[in-house]
J.: 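What follows is a single structure, and I will ask about it in a moment.
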Number of protein chains: 2
Amino acid sequence: MKSIIRILKENDIAPSMQRIKILEYLKNYKTHPTADMIYQALADEMPTLSKTTVYNTLKTFTEKGILMALSLFGNEIRYEYNTQPHIHFQCIKCDKIYDLYNSFDHYNNDLIDGHKITEYHINLKGVCKSCLEKVGD
Amino acid sequence: MKSIIRILKENDIAPSMQRIKILEYLKNYKTHPTADMIYQALADEMPTLSKTTVYNTLKTFTEKGILMALSLFGNEIRYEYNTQPHIHFQCIKCDKIYDLYNSFDHYNNDLIDGHKITEYHINLKGVCKSCLEKVGD
DNA sequence: TTCCAAATTTGTAATTGTTACAAATGAGTA
DNA sequence: TACTCATTTGTAACAATTACAAATTTGGAA
Ligand SMILES: [Mn+2]
Ligand SMILES: [Mn+2]
Ligand SMILES: [Zn+2]
Ligand SMILES: [Zn+2]
């Protein structure tokens, strides 16, 4: 298990206390927290922590590819350390977010790992056919 | 093709001018606009239109099931009239949002309808296994 | 070690997207 | 016409995020 500091150094990020604690939190608690949740969780331990630092750090980590930024359902951004591609399932009763590693066929599945699916959103990103043709070949 | 007014009446919504124009816009322009985009588009024609009315109306329509509210990638909510289940693809070059009706297997596909996929988010919603068991059977 | 430039953090203000709320307006009805 | 209820409007509040400049910290050069 790579140490937090080593992960930061490998990505050319100076391992400040703030950065270490934020990455450590995301490695330990795989709850897909928002920036504010991370801030609230660390504020006790680090009373001078600024919310701007949390935002700055999350931006840096995301740009370096250490974190993934997610728009799940609401209008706030969630973050996670997990890098393997996977699916997200959020329960409408308990709000918990599950990571799923199954295949999902939106024309068939209505049950996955025992969870009942009532709604799905498949959002893809990339270069569209038209833009691909414009570039040349 | 159902008239706008008829759609509203069928859903027990009084067909005010504002509601007609907003639904008409969403039926005509399938660009998945935000509340602000709709407001900007209609403001010329309806100089007294309030942004609150746009938000209120979108909320009413969504609750009645006439519209679908979407969290695609950013932190703003997009709306669409299209009711059939489908997939969204946004181009990182031209920002256009495409509706796709294919199947998508995140373990295989990297090309769909000629669009090159570089990132995907599959977000499911429902009742988790644990909450299903709590209720009884 | 001491000093300093560069990096990092901080606090505050600004911006954006959205909701709350009460007053104004409008439509339908007696 | 007058009344009532629905709808719209404008403003303020709120939440998430970003901009920015001042303060602090840091890692070397002297
Ligand atoms: Mn995840
Ligand atoms: Mn669509
Ligand atoms: Zn649950
Ligand atoms: Zn494109």
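Letters A, B, ... are given to chains in the order of the sequence lines, protein chains preceding strands, and every chain is numbered from 1.
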J.: Which of residues 32-61 of chain B sit near DNA chain C, with a heavy atom under 4.0 Å from it?
T.: T52(B), Y55(B)
J.: Once rounded to the nearest 0.5 Å, what's the spacing between atom CG of L72(A) and atom CD1 of I77(A)?
T.: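 Nearest 0.5 Å value for the CG-CD1 distance: 11.0 Å.
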J.: Under 4.5 Å between side-chain heavy atoms, counting indirect links through other Ile/Leu/Val/Met/Phe/Trp/Tyr residues: same cluster for I22(B) and M46(B) or not?
T.: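 I22(B) and M46(B): one cluster.
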J.: Side chains of N123(B) and H121(A) only: does a donor on one sit below 3.5 Å from an acceptor on the other?
T.: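 N123(B) vs H121(A): no donor-acceptor pair found between side chains.
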J.: Looking at K116(B) and D110(B), does any basic side-chain N land under 4.0 Å from a carboxylate oxygen?
T.: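 No salt bridge links K116(B) with D110(B).
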J.: Does dG26(C) have its OP1 or OP2 closer than 4.0 Å to a side-chain nitrogen or oxygen of Q18(B)?
T.: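 No, outside the criterion.
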J.: How far does the helix from dT1(C)-dA30(D) to dA30(C)-dT1(D) bend, going by the axes of its first and last five pairs, to the nearest 10°?
T.: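 It works out to 10° between the end axes.
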J.: Consider ring-ring contact (aromatic ring centres under 6.0 Å, His included). Of Y98(B), F104(B), Y120(B), which one does H115(B) pass it with?
T.: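 The passing option is Y98(B).
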J.: Which of these passes side chain to side chain donor-acceptor pair (under 3.5 Å) with H32(B): Q90(B), K96(B), E80(B)?
T.: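 Result: among Q90(B), K96(B), E80(B), E80(B) is the only option passing the side chain to side chain donor-acceptor pair (under 3.5 Å) with H32(B).
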J.: Are the side chain of N11(B) and the backbone of I13(B) linked by a donor-acceptor contact shorter than 3.5 Å?
T.: no
J.: Give a yes or no on whether K51(B) atom NZ has more than 12 heavy-atom contacts from other residues, nucleotides or ligands under 6.0 Å away.
T.: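 Enclosed.
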J.: Report the distance from atom CD of E63(B) to atom P of dT19(C), rounded to the nearest whole Å.
T.: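 Rounding to the nearest Å, CD of E63(B) and P of dT19(C) are 10 Å apart.
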J.: What parts of residues 68-79 of chain B reach DNA chain C, counting only heavy atoms under 4.0 Å away?
T.: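 The answer is E76(B), I77(B).
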J.: Once you round it to whole Å, what is the distance between P of dA27(C) and CG of L8(B)?
T.: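 So the two atoms are 16 Å apart, to the nearest Å.
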J.: Ignoring hydrogens and geometry, is there a side-chain-to-backbone donor-acceptor pair from T60(B) to N56(B) under 3.5 Å?
T.: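 Side chain of T60(B) to backbone of N56(B), a donor-acceptor pair under 3.5 Å: yes, one is there.
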J.: Looking only at side-chain N and O atoms, does S16(B) come under 4.0 Å of OP1 or OP2 in dT8(D)?
T.: yes
J.: Under a 4.0 Å N-O cut-off, is there an ion pair linking K21(A) with E45(A)?
T.: yes
J.: So, do I122(A) and H88(B) sit near enough that their side-chain heavy atoms are less than 4.5 Å apart?
T.: no
J.: Round to the nearest Å and state the distance from I13(B) atom CD1 to dA27(C) atom P.
T.: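 The distance from CD1 of I13(B) to P of dA27(C) comes to 18 Å, rounded to the nearest Å.
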J.: Roughly, in whole Å, what's the span from CD1 in I22(A) to P in dT8(C)?
T.: 13 Å
